[in-house]
Amino acid sequence: MQINQEEITLSNQQKWTRFTLKNDLGMEVSCLDFGGIITDILVPDINGKMENVVIGYQNEEDYLDNPNYFGALIGRVAGRIAGSSFTLEGKKYRLPANEGSNHLHGGPNAFNKVIWETAVFEEDNQAGVTFSRQSNDGENGYPGNVKMQITYTLDNQNNLVVTYRGKSDQDTFLTTTNHSYFNLSGDLKNGIQEHKITIDSSQFVELDNNLIPTGRKLATEGTVFDFRHGRQIRDGIDSTYEQNQFAGNGYDHYFIFDHHQPEQVIVFDEKSRRQMTVKTDQPGMVMYTSNTLKPGLNLKEGNSQPYLGICLETQASPASIHHEGFPSCFLAKDEDYFTQTSFHFEVK
Ligand code: FUC
């Protein structure tokens, strides 16, 4: 295992550190202390060619804005909180609105926009970086001082494991994730339309045309949301189903896992024969297929375009904040918040 650290100085004189973890098979993961952003993941294709399988900017400076949350840690609550408010124990909380009247991905200057304290560790068969920070009571409107610790661990079996730990001194809402845009074609050669996805899910959260949960769950069965036996993303892009159209032709939905399978998600790219397997203890995830990714951003391997990456945002459902019966984001005072998601890479 190997860890490299490199200092980056921005034109505003801000200093960031980039960490690169490399395993004995040559797999590499690079990330920044700013937003815990994963900038690169290099894994081999069927011919052993190492290529990048995530979207990242060509110029680091562009991460300062990063409206698409490329690679970033998301919190306190990943996803949308309708009307930017909630009631907890009879008290009403107002959060800053950063998408119309709604609150998205923890609000402005959230986990994706702060510089985290970092520590690296290296062992025989794994190495990693831990990001730590206290999110103070009232930050972005949320109650409780929340101590967070998030770790990226790379091992010698080509697993990238993301571990989230947290503790709050008040009852609060917390559900964190990582917002990497995967593209297994390698170096963004193709879009993700032909990626074949398998998801262990028979239910998803219905959205209105503002991407806000209606309070209903829908069955995946008989729809292009049924990924239980594998299907291409293209099915949802071409679909006339209202749910796909609300999302800008594609997917931007929370899938509730059945947890019938040991792995919750499998992503396969036929051409490179790369496969990524996601295992998580989370109750579900948002699958976002970059339907609304604007063209023309200057990325490492070319320009952006819609359907260039797929986000698999394992988390609880923010629908639970306003509706009964959804995977809960509630975290009780002094309770340990602990959750883990692993991404395994191989060729098939
Ligand atoms: C995802 C989506 C959103 C948004 C953002 C960049 O999580 O749910 O619609 O566009 O990321």
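For ligands, and for the atoms within them, numbers begin at 1 and follow the listed sequence.
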Checklist entry - If you look at every heavy atom in Arg133 and Ile115, which pair is closest and at what distance? => result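 Shortest heavy-atom contact: CD-O, 4.5 Å.
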
Item to check | Over all atoms of both residues, closest heavy-atom pair of Thr172 and Leu88 | outcome: CA-CD2, 3.7 Å

Aromatic rings [X] and [Y]: how do their planes relate, parallel, tilted or perpendicular, breaks at 30° and 60°?
{"X": "Phe255", "Y": "Tyr251", "result": "tilted"}
{"X": "Phe257", "Y": "His259", "result": "perpendicular"}
{"X": "Phe34", "Y": "Trp16", "result": "parallel"}

Checklist entry - Does the side chain of Gln14 come within less than 4.5 Å of Glu61's, by heavy atoms? => result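 Side chain of Glu61 against side chain of Gln14, heavy atoms only: no contact under 4.5 Å found.
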
Checklist entry - Considering only heavy atoms, which protein residues lie less than 4.0 Å from any atom of ligand 1? => result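 Under the 4.0 Å cut-off, ligand 1 touches Asn68, Tyr69, Arg80, His105, His179, Tyr181, Leu211, Asp252, Tyr288, Glu313.
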
